[in-house]
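Structure first, commentary second.
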Amino acid sequence: MGFFEESEGSLIFRENGETVMVSPWGRDSLRVRATFLGGIREGSAALKEAEKTESKIEIEERFASITNGKIKAEMNVSEWGSALQLTFKNADGKILLQEIPNGGALQKKARHFSPHPGGGSFRLKATFLSDPTEKIYGMGQYQQEIMNLKGTSLELAHRNSQASVPFYVSSLDYGFLWNNAAIGAVHFSSNVTIWEAESTEQLDYWITAGDTPAEIEEAFADAVGKAPMMPEYGLGFWQCKLRYWNQKQVLDIAREYHKRGIPVDVFVIDFYHWPRCGDWRFDPEFFPDPEAMIKELHEMGMETMVSIWPQVDYRSENFAELKQQGMLVKSGAGVDVQHIFHGNNVFIDTTNPRTRKYVWEKAKKNYQDIGVRTYWLDEAEPEYAGYAYENYHYAAGSDLEVGNIYPREYARMFYEGQKSIGQDDIVNLIRCAWVGSQQYGALVWSGDISSTYEDFRKQICAGLHMGLAGIPWWTTDIGGFHNGDIREKDFQELLIRWFEYGTFCPVMRLHGNRQPIERIIDAKGEERMATGADNEIWSYGEENYEIMKKYIGIREKMRDYTRSLMREAHEKGTPVMRALFYEFPDDSKAWDVTDEYMYGGDILVAPVCHEGALSRDVYLPEGCEWKLVTTGEVFAGGQCVTVDAPIDVIPLFLKNGAQAWLTEEF
């Protein structure tokens, strides 16, 4: 027997206990799996079953190849040590990605399995050669003002404001998915790229070749799933703050918006509207008739969104049953308290189908049945105290092995529950995501960031990377979450600049923990979660009110256009907000821009994201003409221009004069 064999369209290599399988997996794409001392495992962390394609396999003694459309994997076995090296090429023979050479004097391994004592899992390291000229984009949401990820090291784990979605688009015309939910890391170094999984049984990744970023993105969406169609109520303005703490406050604010004729698509009721975490119901002391409240909001044209937390307080009415039934995350050592906030809390196990059924039934009874149709799935990482990943265990496995699927299964819990009762127009806000979250109606927001210009700029990069990582529904807290004082002029300026940017995000949502806060004491004398300062658009003075009102009007008039972008996301997996190179891949300068983007194919958005700035430089990609919205002036592409940006203006350019109606708004 030789090193290679063909089996049902896949190419298999065996040598000294290692098995490597390369399989066609969708158009122009290959899936690579490898195990040590065991057969190839079926199933997948993220990939769906792929449509069948015809692969071409060639086998020689120490060389084999498999071709699927535009991608080819070559497998070379070295004379010294019989080590395997994988090389991926496109249809023109250009190398896309290549493993490091194996064996030799250095005895390095491209696929290194280091066994954990006493178990069947391994610490895995996969190493590839690196082209220092390569540019890398995607990978989810990391809080950094960086677009090209080449040279970065990224933790493959979730935290508050960090969402690890391990897919990237390369400037070398390929896309790569690390199909492994284990806690780990990736290092995009100039000499090598190293992927690490702390605990796993199998190497598993997917690679696709494409002539453009759009072609790569669409192949990826086919492989892992696409977002549903965004509901109509996702297209307009959402009102939110930390926190509307009673029924009277909710209705007073909603009625004022309605009286002023300002459309609000979604009115958000934040956390601790419940008695204890894990009760999943309104507290009757503060919300005596939530059904009537929701009915009135609906009559004013507003959907009601309610916050859900996956924490369960020891004092919750549901804690004992959840614990007895094994539906909670289990700590491996120490006191079984996983989050301390207004009590001692543990997390529900979203990987357990029984847990998903139990929690959805509570939410259905206490929210859905009285009119709620959209949910805010907070704390979705989940936010463990200290993020001691090695200490937690799920029904699906240890946190080290499978922990990154938690937010996806959390989104799945509500999406499948809503679908089961016939709801089709589903969007749920969530604070984290993994590969495939988009198919469960997940609208990701960027977490508890600070109200600073630095954080503002980081969100521009984060949103673009999330779109490229396959998550088209994304948003931020307009104005940032922490430390925004409504009395300070500097914060008001930041809020306005962020509000303008938020108008051209997939979802436009005003939120934040505004200062100064107000303490809340219940009838028993217990201090409850505080409420932040006012955060309505009239809370910041008349001049700022008029600016924000104008941009809500613009968002309303963009409904048809935004709806068309959501349809592209649904049908093809296309990001709603797009890095410039996505639309202009042949323009080398477009690959380096960090602070402007395309909202769909027609509108170039250049947020003013530096304190006190009243103008900014804007790069206009080559290949078309650009009309400046404020003046109607037309510029040739391929140049940088300086434009005025008074406080009420965000620089916008229209590609070849498209969406000309916008010029009338300025």
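All values reported here derive from a predicted model rather than from experimental measurement. Note: hydrogens, waters and symmetry copies are ignored here, and every other heavy atom, side chains too, is used.
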Problem - Sidechain-backbone polar pair: Glu6 side chain, Ile12 backbone, donor-acceptor under 3.5 Å - result: no
Practice task
Using only heavy-atom distances, determine whether the side chains of Asn180 and Asp204 contain a donor-acceptor pair under 3.5 Å.
Solution key: no
Fill in the blank from the handout: For Phe3 and Ser82 the tightest heavy-atom approach is CZ-OG, 3.7 Å
Practice task
Measure the acute angle between the ring planes of Trp178 and Phe176, then classify it against the limits of 30° and 60° as parallel, tilted or perpendicular.
Solution key: parallel
Handout entry: Approximate separation, where rounding is to 0.5 Å, of Ile308 CD1 and Asp378 CG
Key = 10.5 Å
Practice task
Check the surroundings of atom CG in Asn191: do more than 12 heavy atoms from other residues, nucleotides or ligands lie under 6.0 Å from it?
Solution key: yes
Problem - Atom CD1 of Ile340 with >12 non-hydrogen neighbours under 6.0 angstrom - result: no
Practice task
Any chance you could measure Ser161, atom OG, to Ile449, atom CD1, to the nearest 0.5 Å?
Solution key: 8.0 Å
Completion exercise
Interatomic distance, CD@Glu99 vs NZ@Lys109, rounded to 0.5 Å, equals 13.0 Å
Exercise for the section: Answer yes or no on whether Arg159 is positioned over the face of Tyr387, meaning its NZ or CZ is under 6.0 Å from the six-membered ring centre and within 45° of the axis. Expected result: yes
Completion exercise
All heavy atoms of Ile183 vs all of Asp399, minimum pair found to be CG1-O, 3.5 Å
Practice task
Would you kindly say whether Asn68 and Ser29 are connected by a side-chain donor-acceptor distance under 3.5 Å?
Solution key: no
Practice task
Decide whether Ser331 and Gln338 meet the rule of one side-chain donor and one side-chain acceptor closer than 3.5 Å.
Solution key: yes
Handout entry: Straight-line distance of Met21 CE to Gln202 CD, nearest 0.5 Å
Key = 9.0 Å
Handout entry: Test item: Thr208 side-chain N/O and Asp28 main-chain N/O as donor-acceptor pair under 3.5 Å
Key = yes
Problem - Under 3.5 Å side-chain donor-acceptor pair for Gln311 and Glu379 - result: yes
Handout entry: Donor + acceptor pair across side chains of Gln418, Asn428 (<3.5 Å)
Key = yes
Exercise for the section: Would you check if there is a donor-acceptor pair between the side chains of Glu381 and Gln162 at a distance under 3.5 Å? Expected result: no
Practice task
Look at Arg14 together with Glu18 and state whether they make a salt bridge at an N to O cut-off of under 4.0 Å.
Solution key: no
Handout entry: Residues Ser199 and Ser121: side-chain donor-acceptor under 3.5 angstrom
Key = yes
Exercise for the section: Using a 4.5 Å cut-off on heavy atoms from C-beta on, say whether the side chain of Arg62 contacts that of Glu79. Expected result: yes
Exercise for the section: Specify whether His339 and Phe347 have parallel, tilted or perpendicular ring planes, treating 30° as the upper limit for parallel and 60° as the lower limit for perpendicular. Expected result: perpendicular
Exercise for the section: Would you check if Met230 and Val427 make a side-chain contact, meaning some heavy-atom pair closer than 4.5 Å? Expected result: yes
Practice task
Take the angle between the ring planes of Trp195 and Phe188 and call it parallel below 30°, perpendicular above 60°, tilted in between.
Solution key: perpendicular
Problem - Ser153 side chain reached by Val186 side chain, heavy atoms, under 4.5 Å - result: no
Exercise for the section: May I ask you to say whether Asp211 pairs ionically with Lys70, meaning some side-chain N is under 4.0 Å from a carboxylate O? Expected result: yes
Exercise for the section: Any chance you could measure Thr35, atom OG1, to Arg41, atom CZ, to the nearest 0.5 Å? Expected result: 5.5 Å
Problem - Electrostatic pair Lys572-Asp222, nearest N-O below 4.0 angstrom - result: no
Practice task
Kindly determine whether Arg356 and Asp349 satisfy salt bridge (Lys or Arg N to Asp or Glu O under 4.0 Å), including the steps that lead there.
Solution key: CA-CA 8 Å; Arg356 295 198 297 268; Asp349 181 0; over 6 Å; no
Problem - Side chain to side chain, Tyr394 and Glu409, heavy atoms closer than 4.5 Å - result: no
Problem - Exam field: side chain Arg33 to backbone Thr19, donor-acceptor pair closer than 3.5 Å - result: no
Exercise for the section: Answer yes or no: is there a side-chain heavy-atom contact under 4.5 Å between Tyr384 and Val329? Expected result: yes
Exercise for the section: Report yes if the side chains of Trp474 and Trp445 come closer than 4.5 Å at any heavy-atom pair, otherwise no. Expected result: no
Handout entry: Derivation and outcome, side chain to side chain contact (heavy atoms under 4.5 Å, CB included), residues Leu84 and Glu15
Key = CA-CA 9 Å; Leu84 174 71; Glu15 165 62 13; over 6 Å; no
Completion exercise
OH of Tyr410 to OG1 of Thr350, rounded to nearest 0.5 Å, is 9.0 Å
Practice task
Evaluate the criterion salt bridge (Lys or Arg N to Asp or Glu O under 4.0 Å) for residue pair Glu571 and Lys226; output intermediate values, then yes/no.
Solution key: CA-CA 7 Å; Glu571 294 175 352; Lys226 300 167 190 169; over 6 Å; no
Problem - Residues Glu568, Arg578: salt bridge by 4.0 Å N-O rule - result: yes
Practice task
Check the side chains of Glu416 and Trp360 for a donor-acceptor pair under 3.5 angstrom, ignoring hydrogens and angles.
Solution key: no
Handout entry: Test side chain to side chain donor-acceptor pair (under 3.5 Å) applied to Tyr358 and Glu321, step by step
Key = CA-CA 10 Å; Tyr358 180 95; Glu321 184 177 10; 3.0 Å; yes
Practice task
Applying ring pair (Phe, Tyr, Trp, His ring centres under 6.0 Å) between Phe414 and each of Trp376, Tyr440, Trp280, Tyr375, report the one that passes.
Solution key: Tyr375
Practice task
Could you tell me whether the side chains of His158 and Ser164 share a donor-acceptor contact shorter than 3.5 Å?
Solution key: no
Problem - Check: Phe113 and Thr200 side chains under 4.5 Å, non-hydrogen atoms - result: no
Handout entry: Centroid-centroid distance, Tyr205 to Phe128, less than 6.0 Å
Key = yes
Exercise for the section: Check the pair Tyr174 / Tyr168 against ring-ring contact (aromatic ring centres under 6.0 Å, His included), numbers first and verdict last. Expected result: CA-CA 9 Å; Tyr174 73 92; Tyr168 70 83; 5.7 Å; yes
Exercise for the section: Return the orientation label for the Trp591 and Phe581 ring planes: parallel under 30°, perpendicular over 60°, tilted otherwise. Expected result: parallel
Problem - Minimum heavy-atom distance between Gln439 and Pro228, given as atom pair plus value - result: O-CD, 4.1 Å
Fill in the blank from the handout: Nearest heavy-atom approach of Ala579 to Met147 is CB-CE, 4.2 Å
Handout entry: Lys/Arg N to Asp/Glu carboxylate O, Glu74 vs Lys72, below 4.0 Å
Key = yes
Handout entry: Note: Asp424-Lys419 ion pair, threshold 4.0 Å (strictly below)
Key = yes
Practice task
Taking atom types as modelled, find out whether Gln98 and Thr87 have a side-chain donor-acceptor pair closer than 3.5 angstrom.
Solution key: yes
Handout entry: Min side-chain heavy-atom separation Tyr142-Leu154 under 4.5 Å
Key = yes
Practice task
Check for a donor-acceptor pair, side chain of Trp434 on one end and backbone N or O of Ala46 on the other, with a separation under 3.5 Å.
Solution key: no
Problem - Contact summary for Glu134 and Ser170, nearest pair of heavy atoms - result: OE2-OG, 2.6 Å
Problem - N-O pairing of Lys56 and Glu58 below 4.0 Å - result: yes
Handout entry: Heavy-atom pair with the smallest gap, counting every atom of Gly467 and Pro575
Key = O-CG, 3.5 Å
Exercise for the section: Determine, using ring centers only, whether Phe167 and Phe220 are less than 6.0 Å apart. Expected result: yes
Problem - Side-chain donor/acceptor of Asp92 to backbone N/O of Lys94, under 3.5 Å - result: no
Exercise for the section: Check whether any side-chain N or O of Asn76 sits under 3.5 Å from a backbone N or O of Leu86 as a donor-acceptor pair, and report yes or no. Expected result: no
